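Nothing fancy with the numbering, it's 1 onward along the sequence. Every value quoted in this text rests on a predicted model; they were computed, and no experiment measured them.
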Amino acid sequence: MLSRPRRNRKSEVIRNMVQENFLRASDFIFPLFIIDGKNQKTEVSSMPGIYRYSIDLLLKEVESCLKLGLKSFDLFPNLEESLKDTKATESLNKNGLYLKAIKEVKSNFPEACIVTDVAMDPYSSDGHDGLVRNGEIVNDETLEILAKMAVAQAEVGADIVAPSDMMDGRVGYIREALDAAGFTNVSIMSYTAKYASAFYGPFRDALDSAPRFGDKKTYQMNPANQREALIEGMLDSQEGADFLMVKPALAYLDVIKLMKDNFDLPIAAYNVSGEYAMIKAAAQNGWLDEKRATVETLMGIKRAGADIILTYHAKEVLANNWI
C-alpha cells in the first residue's frame, strides 16, 4: 500500500504541520449590543454570555477585548419604543444612543475597527428594514434614509458601514453619498446574501426589533436559492462594496464557498444568534463539548471560504485560548 494518509495524522506535531486552515483573532468581528443609561449590563436571555451594555460599560468591554487581540466590533442599538417612528429619524440623532456610542468607542479606542449597522429596523416603529407604505416595504425611498444613516455613522467614526437591509441598489447609493460627503475611505461591508432565516430569533430579542407585521421575505432571500446569491454578489461588487457577506453561516456554507469561488472581494460570514444559542443550549445540557463544537463550527465557516467571521463566540474563544 503506497498511499497511507494516516502517516500525516500520527502525531500532534505532524497534524499541526499539515493543517490547512487556521483561526486567528484578526478573523473575528465581535457584535455588541448597546442600551441607554449608565452602569447597565443586561444578559440576552436567549444568548447566554451575551449582554447589552450602556455606553460606559461598552467602553470597558471593548477595552477587555482589545487586550485579547480582538480589535473589530459590530455595534447594534437597542432603542426605547418611544424613540421609534416610521422613518427611523432617531438614526440621525447625533446626541442619540447609537451615534454617541460609535463616537465614544472610536475616540477612546482609535485602534479599534468599528463596523456599523445600516438598516431601519432598530429605529422603525414598523420593525422592518425599509420604509413601509400601505403595507409594502418600498425600495427607492428607503435608499435615501439608508444613505443619510451611513453618512451620519461615518461622521462619528465608523470605519466600515454594513447595510443589512437587502434593498436593491443600496450599496451604490450609499457609496455615492459617502464619497460626496468626503468619506471615500469608509468601507462598505454589504450583507450580500442575507437569507430570510429562522436563526435570527435571539438577535431580535436582543434588540426588540422583530417586524410588527408580516415577515421579511420580500427583501431577504429565499433559503432554497443559491444562484441568486451570485446575482447579489455581482451587483454589490459593481456598486462599490468592499466586502461581501453571507448571513447566516452554518446552513449556508455552500453559499460562502460559492461567493469565495466567484468574487475577488473578501468574504464575510455572520455566525448568527440562533447558531450561537444552539451550541450554548446543547453545552448547558451536557450534550456537546462546548469548546470542540465552537471551534469546529468556526473552522467549518473558515474552511468554506470566509475571510472574516462575525461571531458571538469571538471573545470567549480568545479568552479561553481555544485557538
Side-chain angles (χ1 to χ4, degrees), residues 23 27-37 39-55 57-62 64-65 68 70 72-80 97-98 101 105 115-117 119 121-122 127 129 162 164 191 194-211 216 220 245-252 268-298 300-301 306 308-320 322-323:
L23 294 167
D27 295 330
F28 299 139
I29 297 175
F30 190 31
L32 290 168
F33 300 121
I34 314 160
I35 53 174
D36 201 5
N39 198 34
Q40 296 296 309
K41 178 181 177 181
T42 62
E43 189 172 28
V44 181
S45 60
S46 53
M47 299 177 69
I50 298 299
Y51 299 86
R52 309 174 189 89
Y53 299 95
S54 54
I55 292 175
L57 297 187
L58 175 71
L59 295 176
K60 292 181 179 180
E61 178 68 1
V62 169
S64 69
C65 290
L68 296 171
L70 181 54
S72 298
F73 307 91
D74 198 352
L75 305 181
F76 297 94
N78 180 313
L79 297 183
E80 298 176 8
L97 175 66
Y98 194 52
V105 173
V115 183
T116 56
D117 183 49
D121 55 329
D129 296 38
S164 61
Y191 286 60
K194 182 179 180 181
Y195 286 85
S197 171
F199 291 102
Y200 302 150
F203 178 92
R204 291 173 182 169
D205 289 344
L207 296 188
D208 189 25
S209 61
K216 300 190 176 187
Q220 293 179 357
M245 186 195 296
V246 176
K247 180 182 180 183
L250 283 184
Y252 300 90
Y270 201 145
N271 177 212
V272 298
S273 59
E275 297 168 347
Y276 172 89
M278 287 193 303
I279 288 180
K280 283 291 181 180
Q284 287 180 352
N285 279 284
W287 299 337
L288 286 178
D289 179 315
E290 184 175 0
K291 172 184 175 180
R292 291 184 61 193
T294 299
V295 174
E296 188 175 339
T297 293
L298 296 174
I301 297 168
I308 302 148
I309 304 172
L310 291 85
T311 179
Y312 301 95
H313 296 289
K315 184 182 180 183
E316 184 176 37
V317 164
L318 296 173
N320 292 312
W322 286 356
I323 58 173

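- Judged by a 6.0 Å distance limit and a 45° cone about the ring axis, Lys247 is positioned over the six-membered ring of Tyr200.
- The nearest pair of heavy atoms linking Asn78 to Ile35 is CB-CG2, 3.8 Å.
- Between the NE2 atom in His313 and the CG atom in Asn320 there is a gap of 12.5 Å [rounded to 0.5 Å].
- Listed by chain and number, the residues in a ring-ring contact (aromatic ring centres under 6.0 Å, His included) with Tyr98 amount to none (sequence neighbours excluded).
- Counting all heavy atoms, side chain and backbone alike, Ser164 lies closest to Asp129 at O-OD2, 3.4 Å.
- Put simply, the side chain of Glu275 gets close to the backbone of Val272: a donor and an acceptor are under 3.5 Å apart.
- Annotation: side chain of Leu288 is not in contact with side chain of Thr294 (no heavy-atom distance under 4.5 Å).
- Taking each heavy atom of Ala293 and Thr297 in turn, the nearest pair found is O-OG1, 2.8 Å.
- Contact detail for Pro77 and Leu97: the closest heavy-atom pair is CB-CD2, 4.5 Å.
- At least one side-chain heavy atom of Lys216 sits less than 4.5 Å from a side-chain heavy atom of Asp121.
- Note that CZ of Phe28 and CG of Leu70 are 8.5 Å apart. Values are rounded to the nearest 0.5 Å.
- Of the inter-residue distances, the one linking Asp27 atom CG with Leu298 atom CG reads 9.5 Å to the nearest 0.5 angstrom.
- Side chain of Glu43 to main chain of Gly49: a donor-acceptor pair is present (N/O by atom type, distance under 3.5 Å, no hydrogens or angles).
- In this structure, the side chains of Val105 and Phe73 stay at 4.5 Å or more apart for every pair of heavy atoms.
- Ala277 and Ser46 get closest at one heavy-atom pair: CB-O, 3.3 Å.
- Between Lys280 and Ile50, the closest side-chain pair of non-hydrogen atoms is not below 4.5 Å.
- Distance CG/Leu250 to OH/Tyr276: 14.5 Å, rounded to 0.5 Å.
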Pair Leu23-Ile309, side chain to side chain contact (heavy atoms under 4.5 Å, CB included): steps then yes or no: CA-CA 10 Å; Leu23 294 167; Ile309 304 172; 4.2 Å; yes

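- With Tyr51 contributing its side chain and Leu32 its backbone, the two residues share no donor-acceptor pair below 3.5 Å.
- Residues Lys60 and Tyr53 form no side-chain contact, since every pair of their non-hydrogen atoms from C-beta on lies 4.5 Å or further apart.
- Leu57 has its side chain within reach of Asn39: a pair of non-hydrogen atoms, C-beta onward, lies under 4.5 Å apart.
- Relative orientation of the Phe203 and Phe76 rings is perpendicular, given thresholds of 30° and 60° on the angle between their planes.
- The side-chain heavy atoms of Lys41 and Glu61, taken from C-beta on, include no pair separated by under 4.5 Å.
- Using a 4.5 Å heavy-atom cutoff, the side chains of Arg52 and Val44 are in contact.
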Which is it for Thr116 and Leu75 under the side chain to side chain contact (heavy atoms under 4.5 Å, CB included) test, yes or no, and what are the steps along the way? CA-CA 6 Å; Thr116 56; Leu75 305 181; 5.5 Å; no

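- Smallest separation of non-hydrogen atoms from Ser54 and Gly37: CB-O, 3.2 Å.
- In this structure, CZ on Phe30 lies 12.5 Å from OG on Ser72, to the nearest 0.5 angstrom.
- With no hydrogens or angles considered, a side-chain donor-acceptor pair links Lys315 and Ser64 at under 3.5 Å.
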Stepwise side chain to side chain contact (heavy atoms under 4.5 Å, CB included) test for Tyr312 and Ile279: CA-CA 11 Å; Tyr312 301 95; Ile279 288 180; over 6 Å; no

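- Residue-environment remark: CD (Glu296) stays at or below the threshold of 12 foreign heavy atoms within 6.0 Å.
- Separating the CH2 atom in Trp322 from the CD atom in Glu316 is a distance of 4.0 Å, to the nearest 0.5 Å.
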